[in-house]
Amino acid sequence: MSSPTSDVRIPIKRALVSVYDKAGLDDLVHGLHQAGVELVSTGGSAALIESLGLPVTKVEDLTGFPECLDGRVKTLHPRVHAGILADRRLESHVAQLEELGVEPFDLVVSNLYPFTQTVASGAGPDECVEQIDIGGPSMVRAAAKNHPSVAIVTSPASYDDVLAAVAAGGFTLAQRQRLAAEAFVHTATYDVHVASWMGNVLTDTSEGTGFPAWMGATWDKSAVLRYGENPHQGAALYSNGFLPGGPGLAQATQHHGKEMSYNNYVDADAARRAAYDFDDPAVAIIKHANPCGIAICSDDVPDPVSVAHRRAHECDPVSAFGGVIATNVPVSLAMAEQVAEIFTEVIVAPGYEDGAIEALQAKKNIRILECPPLARGGGEMRAISGGLLLQARDVIDADVEGGGDDPSAWTLATGEAASEAVLADLAFAWRACRAVKSNAILLASGGASVGVGMGQVNRVDSCRLAVERAGERAAHAVAASDAFFPFADGPQILIDAGVKAIVQPGGSVRDAEVVAACEAAGVTMYFTGTRHFFH
Ligand SMILES: NC(=O)c1ncn([C@@H]2O[C@H](COP(=O)(O)O)[C@@H](O)[C@H]2O)c1NC=O
């Protein structure tokens, strides 16, 4: 068998057209007809071609067999598939086609039934199953396999290229290889969607665990980034083709600023995770995936998001320099003016009020991103060598075991029951410390963090860090710890700094010592019963 070189063109004389998405089809078939290409086509596609007054051979006239079973069988016929699959580099294949009276196709144009859209519309099982295309993928895969002889086109976006190729004497081998690769992505993506629906919706392969027996994903490259975590590491952004929860950060619209970097994405993701944890307007400022300020402000206050931003920034202005900011509500003009005063790498929000983008643009390099809200719940994945870990996201709503962030479900371990205002601060701190990595200690006052200890391999160092960052503010603050205190030394640091109330899961074998330290100091301590590690 002779291997054609990559620039050898195969003229396009005969095309098979069978498309569900008929966008751009009229221009394509007009162009093909004008170039003398013979058109063979299936039911609806053939009807459209005929309606344009162009000659077309119906597939059923080619096969001598009617399209039947409501379209389940149209192109599944040797006259079609032999015409697509004959490897015309082989004399034996060419001879067999002649013997069988089959004419080969040079071009197949096909795209598939809208299975994903049908599922998304909430259609019932039978309707979804009916949209599982069988003949289309068979043709597409056949043509893609036989790319040395046939060109396969699955996207209307390629129709201009088809007409250009026809005029140039056909596609080159290199072009056909590229089209074949796209075609296999088209059918593979389709099958991932079908298999996922079959295993998760039509039947539960998780056997009640919530973790299916198989998971498929499709990732489309959306950008090659300047570099990865460090300049010597290459990196790219891939967009998830599934998006069951709607578009996310990878699909954000960038209104302004330098190209997003790998670290910008990591931090912006952490910032969104923190900001969307609250019902009130919230602002999170992140550095190296950890918060250097989180604050909320009630809707009763004018321009709450600018208040929340000011207070989040005040937590640790030194660290907030070069930070990444996320909000869970649109950025107001006043907030934008505040941010424009501070060196900020990225701001990401669900929207921007009038004038806010313009005010932010005062800083040439700030990356301004707009992105739909982040849903709570769902799952999160982490790659490990040889596999990945999948877990349910850490939610804290009042109905989770242990009462989540509802203080009325907490246990008062010692001290006086906290006032409503102190309880509100404890609930805020408890929720906010979940955005802090590794031995989280978060001091809060008035709905804002005032000192955060993170990234330590023991809890006592996190207490020191949080207290040091809070300074004098510790004396008016409450504290939250994401996991129990194994010894009384950590709480003692908080107590010595003047913290008046502490919330933590409890459950240490030395709880009694921890409680005794608080009791001796007259500090209130609540146990929640739930832990919120975040690594
Ligand atoms: N069953 C078959 O033989 C078959 N052959 C082609 N199709 C699909 O029918 C659609 C085009 O149909 P029409 O030209 O009738 O609008 C395409 O999406 C194509 O993928 C088929 N349909 C589904 O399996």
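Sequence positions, counted from 1, serve as the residue numbers for this chain. As the structure is a prediction and not an experimental result, all values here were calculated from the model. Counting starts at 1 for both ligands and their atoms, in listed order.
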**Item:** Contact partition for Arg72 relative to ligand 1, non-hydrogen atoms under 4.0 Å
**Value:** backbone
**Complete:** At under 4.0 Å between heavy atoms, what of Ser110 touches ligand 1? The answer is side chain
**Asked** Which heavy atom of the protein is the closest neighbour of atom 13 (P) of ligand 1, given with residue, atom name and distance?
**Response** Gly44 N, 3.3 Å
**Message:** Suppose I only count heavy atoms of Leu76 and a 4.0 Å limit; which atoms of ligand 1 are within that range?
**Reply:** 3 (O)
**Message:** Within the 4.0 Å heavy-atom shell around Gly71, which atoms of ligand 1 are there?
**Reply:** 1 (N), 2 (C), 22 (N), 23 (C)
**Request:** Answer yes or no: does atom CD of Glu207 have more than 12 heavy-atom neighbours from other residues, nucleotides or ligands under 6.0 Å?
**Result:** no
**Prompt:** Glu67 side chain to Gly43 main-chain N or O, any donor-acceptor pair under 3.5 Å?
**Reply:** yes
**Prompt:** Hey, is the main chain of His30 close enough, under 3.5 Å, to the side chain of His33 for a donor-acceptor pair?
**Reply:** no
**Residue selection (non-hydrogen contact nearest atom 14 (O) of ligand 1) among Ser45, Ser41, Gly43** = Ser45
**Message:** Enumerate the salt bridge (Lys or Arg N to Asp or Glu O under 4.0 Å) contacts for residues 28-40, please, sequence neighbours excluded, ordered by first and then second residue.
**Reply:** Arg14-Glu38
**Prompt:** Is there a nitrogen or oxygen of Met139 sitting under 3.5 Å from a nitrogen or oxygen of ligand 1?
**Reply:** no
**Item:** His93 and Asp87 side chains, donor-acceptor separation under 3.5 Å
**Value:** no
